[in-house]
**Q** 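Encoded as structure tokens, here's the structure I'll be asking about.
Here the structure is a predicted model, which is why all the values come from computation and not from measurement. Residue numbering restarts at 1 for every chain, and letters A, B, ... go by the order of the sequence lines.
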Amino acid sequence: MKKIFEKQAVRKLIFLALTFIIVQLLIYADIIDAYLQNTLTAICINIILAVSLNLITGFTGQFSLGHAGFMSIGAYTCAIITLRMPTIFGFFLGVFAGAIFAALVGFIVGLPTLRLRGDYLAIATLGMAEIIRIIFINLKITNGAAGLQNIPRFTNWTWLFIFMVGTVLLITNFLKSTHGRACIAIREDEIAADSMGINTTKYKVIAFIIGAFCAGIAGALYASYFYFLKPNIFDFLKSVNVLVIVVLGGLGSVSGSILAAILLEIISTFLQSFSELRMVIYALLLVVIMLFRPQGLMGSKEVTLAVFNRLGGNLKSGMSKLEQRFKSKKGRV
Amino acid sequence: MSVILNIEKLTKSFGGLTAVSNVNIKLEQGELVGLIGPNGAGKTTVFNLLTGVYVPTAGTITLSKEGKNTALQGLKPYKVCMNGVARTFQNIRLFKDLTVLDNVRIAMHKNVKYGLLSGFLHLPSYHREEKKLMEKSIELLKIFKLDDKKDEYAKNLPYGEQRHLEIARALATNPVLLLLDEPAAGMNPAETAKLTELIKWIREKFNLTIILIEHDMSLVMKICERIYVLDYGMVIAKGTPDEIKTNKRVIEAYLGEDVSNA
């Protein structure tokens with residue numbers, strides 16, 4: 001049992017290292033040029049956002065429309081810190097301060113609003129995100145509606161990869177623990193979970209805080225890559241975009257969120273050339289996918305590296321079958 | 001024998017409707033007590049008051065455990081559960097889209113001893129506790145012959161096994177007092193007979209005190225040592241099964257003549 005476990009861990013590590021190295025090489029070779037690097041960054045940031053929102057909405061069952069709000073807190077915190085301290089240390093300070101600040105706001109907002117259910121919670125979180133945005137428009141330190149310019153860039157593929165893998169691993173680990181199972185139980189049946197000794201308010205708030213923390217990281221990475229921030233980036237549509245990724249990937253599937261984040265970003269990159277039709281095609285695609293896969297691409301299932309095993313196994317058995325058939329044919333001839 | 005649960009003057013009103021009024025119930029340690037009554041008599045409301053789903057309008061619920069008295073009225077359900085009261089639901093409330101194993105593991109949550117940090121980083125305490133949790137869950141599932149179905153989704157189990165899983169899940173919280181809300185509902189006579197034996201057996205094995213709501217009189221009369229009869233939210237009779245069978249008010253309210261002749 002332990003051996004299998006270790007084998008899986010090693011395989012995971014190899015898979016991650018390979019992904020990192022291949023992309024890094026492609027960047028060196030300029031196959032992933034500056035333009036595609038924007039796409040890559042957006043993918044990584046969207047993965048962090050989607051997986052963390054999935055924890056809140058897909059796993060704990062709390063419908064939140066405020067993810068852009070948490071993201072903006074991380075973004076502005078990191079931007080303000082790195083503008084005054086343009087070193088790598090400032091960048092780290094910015095990312096973590098942004099994440100912690102977002103988590104703090106998540107806690108303050110979550111405590112009263114998580115008593116609400118379903119659509120009421122959605123409206124409350126939506127209101128929260130709007131309030132945060134309006135605060136940023138009116139604050140002096142954020143330079144109001146004009147926003148912040150010339151934010152030093154520290155985000156690169158290495159940091160993106162580390163933070164992305166880090167947050168996804170933390171969240172998947174959490175979900176496999178008794179605390180994560182408590183969150184999932186709340187989604188399944190809140191009254192039953194409560195009656196089985198799970199402090200439902202506590203775990204809803206915990207899920208909310210973790211989600212906000214990760215969204216803060218995503219925001220900080222965003223600020224440190226795109227040079228420029230203004231409050232309107234983090235409007236209602238941004239929250240909905242993240243929700244679209246989560247729903248499309250499958251509520252309650254981490255790998256679904258990752259897959260959908262990659263897929264949607266690639267689609268929208270390809271659609272850049274159809275400037276007017278872009279949103280129409282994008283929306284149409286969403287409608288079609290939802291019609292044919294209403295549970296999302298992955299449902300609540302997960303892809304693991306075992307898939308490659310199975311694929312390998314299928315390939316082997318297929319080959320041997322072919323061989324047999326070939327042999328028997330030979331015999332007949 | 002000592003009193004484990006003392007319900008005094010328990011009352012619950014929903015607006016103008018008094019669903020439970022002035023109910024007094026006393027339970028001795030290790031007893032198996034039935035709560036019966038016609039539909040709408042307030043039996044499930046009593047359970048919901050006991051487990052904290054509803055807050056009583058008036059009255060007290062006192063749980064005595066290891067010489068300590070705890071007032072349960074007004075506590076949240078999870079706190080009530082932590083004090084050692086577990087329940088099943090009339091209309092099965094399993095975690096349907098989760099596996100049999102997860103249903104039981106979730107119910108063991110309150111006894112798992114590792115923190116959030118260990119949950120995030122899978123520190124040694126995580127692996128140690130999860131292993132213990134797994135062993136305890138399998139052990140419990142074996143009692144209900146569900147261990148070979150541990151990876152099955154709860155919703156895919158046949159009805160009778162879902163009822164069993166609900167009892168297993170309630171036991172996983174390690175209770176002293178178990179509330180069973182119509183455990184035999186929808187079962188055929190053979191299944192009910194098996195369930196009767198099972199309930200008797202788990203009471204001995206887990207050293208439980210049990211309150212049981214049930215419409216199936218064959219089950220109630222066979223295993224309950226005492227019975228409380230509710231009607232219109234009030235206790236109209238209490239006593240041994242034989243006393244209840246011959247009680248005039250009960251017959252009038254609910255049981256009918258054939259049972260009194262039986």
**Q** Tell me, side chain or backbone of A/Leu175 under 4.5 Å from chain B's heavy atoms, or both, or neither?
**A** neither
**Q** Using every non-hydrogen atom in the two residues, find where A/Gly197 and B/Cys81 come nearest and quote the distance to one decimal.
**A** N-SG, 3.4 Å
**Q** Go through the steps to decide whether A/Glu188 and B/Asp97 satisfy the test side chain to side chain contact (heavy atoms under 4.5 Å, CB included), and finish with yes or no.
**A** CA-CA 7 Å; A/Glu188 287 292 308; B/Asp97 290 316; 3.5 Å; yes
**Q** State whether the number of non-hydrogen atoms from other residues, nucleotides or ligands found under 6.0 Å of B/Lys110 atom NZ is greater than 12.
**A** yes
**Q** Which bit of B/Phe120 is near chain A, if near means a heavy-atom gap under 4.5 Å: side chain, backbone, both or neither?
**A** both
**Q** Quick one: does A/His179's side chain have a donor or acceptor within less than 3.5 Å of a partner on B/Tyr114's backbone?
**A** yes
**Q** Please classify the contact of A/Ile171 with chain B as side chain, backbone, both or neither, using a heavy-atom distance under 4.5 Å.
**A** neither
**Q** Would you say A/Asp194 and B/Tyr78 are linked by a side-chain donor-acceptor pair, where the criterion is simply a distance under 3.5 Å?
**A** no
**Q** Which region of B/Val112, side chain (C-beta onward) or backbone (N, CA, C, O), has a non-hydrogen atom less than 4.5 Å from a non-hydrogen atom of chain A, or is it both or neither?
**A** side chain
**Q** Quick check: closest heavy atoms across A/Ile198 and B/His109, and the distance to 0.1 Å?
**A** CG1-CD2, 3.9 Å
**Q** Ignoring hydrogens, what is the shortest heavy-atom contact between B/Phe95 and A/Asp189? Give both atom names and the distance.
**A** CE2-O, 3.7 Å
**Q** Salt bridge or not between A/Arg181 and B/Glu130? Use side-chain N to carboxylate O under 4.0 Å.
**A** yes
**Q** Is there a side chain to side chain contact (heavy atoms under 4.5 Å, CB included) between B/His122 and A/Lys176? Walk through the geometry before answering.
**A** CA-CA 9 Å; B/His122 287 194; A/Lys176 278 187 208 151; 4.2 Å; yes
**Q** With rounding to the nearest 0.5 angstrom, report the OG1 to CE distance, B/Thr51 to A/Met196.
**A** 9.5 Å
**Q** For chain A, which candidate among B/Gly52, B/Ala107, B/Ala172 shows the most heavy-atom pairs at distances under 4.5 Å?
**A** B/Ala107
**Q** Using a cut-off of under 4.5 Å for heavy-atom pairs, which of B/Val53, B/Thr173, B/Asn83, B/Leu116 has the most such pairs with chain A?
**A** B/Leu116
**Q** Give a yes or no on whether A/Phe101 atom CZ has more than 12 heavy-atom contacts from other residues, nucleotides or ligands under 6.0 Å away.
**A** no
**Q** Non-hydrogen atoms of chain A under 4.5 Å away: do they reach the side chain of B/Leu133, the backbone, both or neither?
**A** side chain
**Q** Go through the atoms of A/Thr201 and report whether side chain, backbone, both or neither lie under 4.5 Å from a heavy atom of chain B.
**A** side chain
**Q** Quick check: do B/Phe89 and A/Ser195 have side-chain heavy atoms less than 4.5 Å from each other?
**A** yes
**Q** If you count the non-hydrogen atoms of other residues, nucleotides and ligands that lie under 6.0 Å from OH in B/Tyr153, is the total more than 12?
**A** no
**Q** Considering residues, nucleotides and ligands other than B/Lys79, do more than 12 of their heavy atoms fall under 6.0 Å from its NZ?
**A** no
**Q** Against chain A, work out which of B/Arg87, B/Arg105, B/Met82, B/Lys76 has the most heavy-atom pairs shorter than 4.5 Å and name it.
**A** B/Arg105
**Q** Tell me if the CZ atom of A/Arg293 is crowded by more than 12 foreign heavy atoms within 6.0 Å.
**A** yes
**Q** Any chance CZ of A/Phe107 has more than 12 other-residue heavy atoms, nucleotides or ligands included, within less than 6.0 Å?
**A** no
**Q** Tell me, yes or no, whether the heavy-atom count around A/Tyr120 atom OH, taken from other residues, nucleotides or ligands under 6.0 Å, exceeds 12.
**A** no
**Q** Quick one: of A/Ile206, A/Ile191, A/Ile184, who has the most non-hydrogen atom pairs under 4.5 Å with chain B?
**A** A/Ile191
